[in-house]
Structures are given as C-alpha cells and as structure tokens.
There are 2 protein chains.
Amino acid sequence: MAFLLLLLFLAATTVTSHSHASELSFLHQIHLLRPQSGAAGDHLPGITCLSWRLGVETNNIVGWITVPGECEGYVGHYMLGQQYREDSKAVTDEAFLYAASLKLAGDGNDIWIFDIDETTLSNLPYYASHGFGAQPFNATLFNKWVLEGKAPALPESLKLYRKLRSLGIKIVFITGRTEDQRTVTANNLKKAGYSSWLKLILKSSSYSGKTAVFYKSSERAKLEKNGYRIIGNIGDQWSDLLGTNTGNRTFKLPDPMYYIS
Amino acid sequence: MAFLLLLLFLAATTVTSHSHASELSFLHQIHLLRPQSGAAGDHLPGITCLSWRLGVETNNIVGWITVPGECEGYVGHYMLGQQYREDSKAVTDEAFLYAASLKLAGDGNDIWIFDIDETTLSNLPYYASHGFGAQPFNATLFNKWVLEGKAPALPESLKLYRKLRSLGIKIVFITGRTEDQRTVTANNLKKAGYSSWLKLILKSSSYSGKTAVFYKSSERAKLEKNGYRIIGNIGDQWSDLLGTNTGNRTFKLPDPMYYIS
C-alpha cells in the first residue's frame, strides 16, 4: 500500500512537473486511478486534458456535469500531486500580497469572504475514492461524508486565513452547504484549524432552487448593507466570485473536479 | 537554423505535453530562449511558471508589468509549442458550440465581439524576438511592428470567425489600437483572412488615459444602445471581458505575455 501511494505520488509528480521527468518518465504510462471508476464522464474529442482544465479554470468551459472520462487519471494525478498545491499557493500568496498592501480602516468592518468546500476545507479524501469528479455526483454519499465532519483544511487557505486575521480582517464563510449542516460544518472548521469567524452563512431553504451566484450575491449584498466592506473574496468556483457585490478583489482557487453554477 | 527551430519545437513539446516525455526528456534542461534577453522581468520567488501562468489566466495575478524573468523560457516554449494552439482551440471550440446552440433572431443584429491583438491577429513574431513579454514593453518598436501590417491570424480565431459568420452572426472588432492605425489594421485583417466585418472600433483620442475596461465597456454599451445584441465576446485580456455590457457569454484566450488593465 505504501508502495502504491509512492507510485501514485511519483506519477502525479511526472504529470505536473517536468523537473524530474528524465528519471520518472516511465511512469507516464501508468494511470493507476483510471481503472477504479469504470466508464464515466463527458467525452470531449480532440481536447487535451490540460486544455480542458485551463478552459474550466478560466470559465470558458461551463455547465459541465462530470470530468471527461479520459481526464480522470489526469485530474486525479493533478489533485494528489504537487501542482495543485503550488497552484493554490500562487493564488493565496497573491491574495495576501494584495491584502497586506491595503490601508485598512481598523474599525472591524473589513471582511474577507471564504467559500468552504474546496476552498477552506478539502473534500479530496472523498473525491479520491469517487473518481475525482468523473463519476456523476452522488448527493447521498457526499452528504454522508460531510456529516462525518472530518474534511481537512486546504493548507494554503488555512495559512491565508491566519495571515488575514493577523492583519485585523474579519472572516465570513459563505457556503452552499445547507443550514441543517451548521453544527457539523462549524465543528469541522474548528477541527481543521479555523478557530473563529465573524459569520458562517449557510444556504437557507429560502434559496432552494436558486443558483449559487444568486444566493451568494444576495448574502454579500446584505453584508454590505450592514456596513461591512468586502475587501476580498476567495472560492474555487466562478459562482463564488461572479454576480453582484463580489468584493474589491476576487481570487479563484483551482478545482477541476466539479462545476457549480 | 532549421535544426534550431526543430529543437525549439521539441523543447516546447516536452514542456507542454507529456505524451513523448520519455524520448524527449533530455531537452528539459535546454532553455534556448532564455539567454537572448538578459536579466529582465518581475521576480516571484517560490512560484513555478506553471502556477504563475494559471494565476494570470484566471485573473488572480493582475497588474503585472513583465513576465517573471525565470519564466521567459517557459512562456516562450509555451507560445511556440503545441499547447498554446490546443489551449486556444479548446476556447474557440467551446465558443462555437455555444454559438451553434443559440436560436438566432436572423435580423442582422446578433453580433460577436473580437479583440484584435493576440485574439484575431497574433503578434508572436514580434514577441518572439522581444523576450516573450519578459522585456519591458517598448511602444516605439511595437508600433513599428504594427505599422508593417503583417501580423498573421491566430488560426483558431480565424476558424471561429468563419464559422460564426456562416451562422449569420455579424463581427465587430474592438481594439486598443488607436484610430490613426485604422488603415493598416484593416489591411492587416484582410491580409490575414478576415475578409469583412460590421464595425472596426479603434480607440479614439477621447479615451486617452482611460482603462481598456472603461473604453471597451463604453463602446459595447453604444452598440447595445443601437439595438445590437452581443451574443459573444472573445479576447485574450480580462479587460476585454470585464466591466459592463460584456455580452451574453465571454471567452478568454490564453496570453501569458502581457497584461492590460
């Protein structure tokens, strides 16, 4: 098992970095993650997985249901490998540089908005055993995972959270998780290292059937109406960052596993 | 020279694709493009060029002046290699799929907006001999290149242009090039294969000192006021796609060489 994990890590490294390619290139043929899932996913003929991922991250490819079947191995390697970490760090480093450059009022009304799933907390342990987004989303199984309350922090986001708080910025979480998951979510956040926050906003039943863009925009509008200044906003989905009242600057973390409109 | 170009192509291929990594991995150490430019560019310690490029393309890293010095080779290989082509094709394919899915009114008021530089026309021949964006922008030399009127089409955009026109969609160019470059730009467009268009909008002196976002939003607002429907909008800069009256859907082409706000 340890050897399998090592192989997985090495395979991920060869795909996502070229610094050790000569030693590790034999691993390019190995797609350990692919056979686990069976046939699933959208088919996009003629588009490489690298281009597909860039298309997704730049909001060119929208409304997709599953990761293209032929990209399951690629996405798995990416998510488990060093490049996902480095890509995340490039975003959170930039976010902190921006925040540190601001002259803050210091009146406690400067807030930073964090999405939760794949931003604050990582569901990679779940997705690693469910095809990395190449299998259709299973709400029952995913909610079961959420209720276990053991999602780890996205390490780069936890660092950003701590550094933003040290600047005196208040943290507001706005998540697509529903109100009935408040306790487990709060406990999970604390367990993962997010010790406190100004507000934890979950999706109330009044937003049932509404898009994430509408729900999140509405909640951000309420915050601004109450005198808060949204100086920054970070999420893994464009629906965290588009719409109205988006904040003074937005930051898009990588997520090639699923799309939420 | 032919051998050098072949080497360049191979080197670019190894960086941007892993399909032939085992045969070509010895080329990873070669950065043929780097020595041409001397020291230049921003320094971003600890961020890989891959993460930097993703950060740029997702609008996380903004306001940068030059490509980080250590990424000149990477950007050069990317731009000259197959991945830039494939990434561009993924965008234009998605754009056409979207356009073809629409029920158009057929009244001649459905328009698609194209930016020009690095969208409709490619200045890669210029940038290839000026450090791929790692050297500070030189307006004198760049304008001299523009006035030569020999920029080639971005092949994927030319195909999209033709396919959109076959659907009955009218083409409007909005470019940051200035009004005094109208004749050379029109001639260059025709020479590159863009045979006709509804409007070619260049930046008039009244926008002098204004951002691209302001100028382009204002011109798009005028178009909508005149009854046109902007069904799509494609550009290589986020400033082509943000602001107001952005169009029903926007498409971001890759450009890791420069940033325009």
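Keep in mind that this is a model prediction, so the values were computed, not measured. Within every chain, numbering begins at 1; the chains are lettered A, B, ... in the order of the sequence lines, protein sequences first and strands thereafter. Quick note: numbers below take in every heavy atom, side chains included, and nothing from hydrogens, waters or symmetry partners.
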Discussion item. Is B/Thr250 close to chain A through its backbone or its side chain, or both, or neither, when contacts mean heavy atoms under 4.5 Å?
Written reply: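 For B/Thr250, the contact with chain A is made by the backbone alone.
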Within this structure, what is the [atom1]-[atom2] distance for the pair [X] and [Y], rounded to the nearest 0.5 Å?
X       : Y        : atom1 : atom2 : answer
B/Thr58 : A/Leu253 : OG1   : CG    : 9.5 Å
A/Trp52 : B/Glu86  : CH2   : CD    : 15.5 Å
B/Arg53 : A/Asp87  : CZ    : CG    : 10.0 Å
B/Gln82 : A/Ser51  : CD    : OG    : 9.0 Å

Worksheet item: How would you list, by chain and number, every residue that makes a ring pair (Phe, Tyr, Trp, His ring centres under 6.0 Å) with B/Phe137, sequence neighbours excluded?
Response: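 Here the qualifying residues are B/Phe142.
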Item to complete: May I ask you to test the B/Thr48-A/Gln83 pair for a side-chain heavy-atom distance under 4.5 Å?
Response: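 B/Thr48 vs A/Gln83: side chains touch.
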Fill in: Short side-chain to backbone donor-acceptor contact, A/Asn60 and B/Lys252, under 3.5 Å
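Checking the backbone N and O of B/Lys252 against the side chain of A/Asn60, a donor-acceptor pair under 3.5 Å is found.
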Discussion item. Applying side chain to side chain contact (heavy atoms under 4.5 Å, CB included) to B/Glu57 and A/Leu54, what does each step give before you reach the verdict?
Written reply: CA-CA 8 Å; B/Glu57 297 299 357; A/Leu54 184 66; 4.0 Å; yes
Practice prompt. Quick one: list whatever passes side chain to side chain contact (heavy atoms under 4.5 Å, CB included) with A/Leu242, sequence neighbours left out.
Written response: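 Side chain to side chain contact (heavy atoms under 4.5 Å, CB included) check on A/Leu242 returns A/Asn59, A/Trp238.
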